[in-house]
Amino acid sequence: MTQKTSSDEIDLMELLAKGYRAIKQNLLLFTVLPIIGVIVALWLGYNSSDKFSSSMMITTDLLSATEARFIFDELGKADSLPGLSREEAHKLLVLNFEVQQDNIESRDALRNIYVKATAIVTDPSIFPALEKTIVNYINTVGPVVKTRNSRELFYKEMIKKIDGEIASMDQIKKQTDSRAMASYIDPSDMFSKTVELFKERTDNEIRLHDIETVHITKGFGTLMKDAKLPKILVGLAGFGVGMLLAIVLMFIKFFNDYNRALKIE
């Protein structure tokens, strides 16, 4: 057991020694190639086109979390974005979507869905068009249209019914003597009921207005950042590529020498 361990240690030391000698013999190669790699990487980084990144946040309760994840997963994989011109699509490099669901139930017992869209572009002037295209796409997708239509019908019927109740109460007030009315109904209750109906009617009008479109919490372009890699990372990547190339060349040289030695034997 001791002899085996000692043999393994010797083999490891011999391997390290061979590696050290190989690097020493090819020191110029391991010096020049990484430096060239850094120079080339920095040159490409400085001369590459500018990249800008920005995010937008959309909120809606017209979609379920499952529907939203499927729709935006498919949209993220699409070759082109419906409604975006060819020139604008050429300037769009990356478009990713992230869907989250609110833990708090909104009105109508539905949870809000938050969609974060992150885009990397070469020209920030396309952000408004991109934002409009995404919103239009969501507003016209099947599940959103179906939910909007059903809720629109519900709210309109509710408003119509409330208007009828308010009109009936106003008619009672006009046609009934106030003293006679007070004998079977409290006027303050009548007023309170009317106020409650007006409040419910206003709430339904607000909901009807809310479902006309998805809501933009934050749009593209309001906050932008440079999407190009930091120069330090670019330099380190170039250095790594240069080292890898040096190792490959050294291995090829070693293998050729080894192959020639076998032929001589």
* Asked: Can you check side chain to side chain donor-acceptor pair (under 3.5 Å) on Asn139 and Thr213, steps first, answer last?
  -> CA-CA 6 Å; Asn139 280 325; Thr213 182; 2.8 Å; yes
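- Between Pro143 and Leu63 the shortest heavy-atom distance is CB-CD2, 3.7 Å.
- Judged by distance alone, with hydrogens and angles left aside, the side-chain atoms of His215 form a donor-acceptor pair with the main-chain N or O of Asp210 at under 3.5 Å.
- Judged by distance alone, with hydrogens and angles left aside, the side-chain atoms of Arg201 form no donor-acceptor pair with the main-chain N or O of Ile159 at under 3.5 Å.
- Two residues are said to be in side-chain contact when any heavy atoms from C-beta on lie closer than 4.5 Å; Ile36 and Val32 meet this criterion.
- Taking the six-membered ring for Trp and thresholds of 30 and 60 degrees, Phe127 and Phe220 have nearly parallel ring planes, at less than 30 degrees apart.
- Distance CD1/Ile162 to CD/Glu196: 11.0 Å, rounded to 0.5 Å.
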* To do: Decide yes or no on salt bridge (charged side-chain N to carboxylate O under 4.0 Å, His left out) for Lys161 and Glu157, but give the supporting numbers first.
  => CA-CA 6 Å; Lys161 178 67 175 176; Glu157 288 297 320; over 6 Å; no
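- Under the 4.0 Å criterion applied to side-chain N and carboxylate O atoms, Asp61 and Arg151 are assigned as salt-bridge partners.
- Between the side chain of Asn136 and the main chain of Lys132, a donor-acceptor pair closer than 3.5 Å is present.
- Closest approach of Ile113 and Ser64 over heavy atoms only: CD1-C, 3.9 Å.
- Taking a 6.0 Å sphere around CD of Glu87, one finds it holds 12 or fewer heavy atoms contributed by other residues, nucleotides or ligands.
- No side-chain heavy atom of Thr59 sits under 4.5 Å from any side-chain heavy atom of Val214.
- Within the 4.5 Å cutoff, no side-chain heavy atoms of Leu33 are placed close to those of Met243.
- The shortest side-chain heavy-atom distance between Ile211 and Leu62 falls under the 4.5 Å cut-off.
- Minimum heavy-atom separation, Gly219 to Glu131: CA-OE1, 3.1 Å.
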* Please lay out, stage by stage, how Glu205 and Thr202 fare under the test side chain to side chain donor-acceptor pair (under 3.5 Å). => CA-CA 5 Å; Glu205 284 184 336; Thr202 303; 5.0 Å; no
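- Residues Ala65 and Val99 come closest through the heavy atom pair O-CG1, 4.4 Å.
- Environment of OH in Tyr137: crowded, with over 12 heavy atoms of neighbouring residues, nucleotides or ligands closer than 6.0 Å.
- How far CZ of Phe154 is from CG of Leu208: 11.5 Å, rounded to the nearest 0.5 Å.
- For Glu74 (side chain) and Ile71 (main-chain N/O), no donor-acceptor pair under 3.5 Å exists by modelled atom type.
- The closest side-chain heavy-atom distance from Phe72 to Val115 is below 4.5 Å.
- Residues Ile134 and Ala117 approach most closely at CD1-CB, 4.3 Å, considering heavy atoms.
- Side-chain atoms of Thr118 and Ser55 form a donor-acceptor pair, as typed in the model, at a separation below 3.5 Å.
- The backbone N or O of Ser85 sits less than 3.5 Å from a side-chain atom of Glu88, completing a donor-acceptor pair.
- When the ring pair (Phe, Tyr, Trp, His ring centres under 6.0 Å) test is applied to Tyr114, no partner is found at least two apart in sequence or on another chain.
- Expressed to the nearest 0.5 Å, how far NZ of Lys146 lies from CD of Glu67 amounts to 8.5 Å.
- When all heavy atoms of Leu84 and Leu92 are compared, the closest pair comes out as CD2-CD2, 4.2 Å.
- For His90, the NE2 atom counts as loosely surrounded, since its 6.0 Å shell holds 12 or fewer non-hydrogen atoms of other residues, nucleotides or ligands.
- Taking Glu98 as the reference, Gln100 meet the side-chain hydrogen bond (donor to acceptor under 3.5 Å, both in side chains) condition, with sequence neighbours excluded.
- Cluster membership check: Phe97 shares its hydrophobic cluster with Ile58, using side-chain heavy-atom separations under 4.5 Å among Ile, Leu, Val, Met, Phe, Trp and Tyr.
- Considering only heavy atoms from C-beta on, Val135 comes within 4.5 Å of Met56 through its side chain.
- Taken from CD1 in Ile120 to NZ in Lys51, the straight-line distance is 7.5 Å, to the nearest 0.5 Å.
- Phe52 and Met57 are members of different hydrophobic clusters when ILVMFWY side chains are connected at heavy-atom separations under 4.5 Å.
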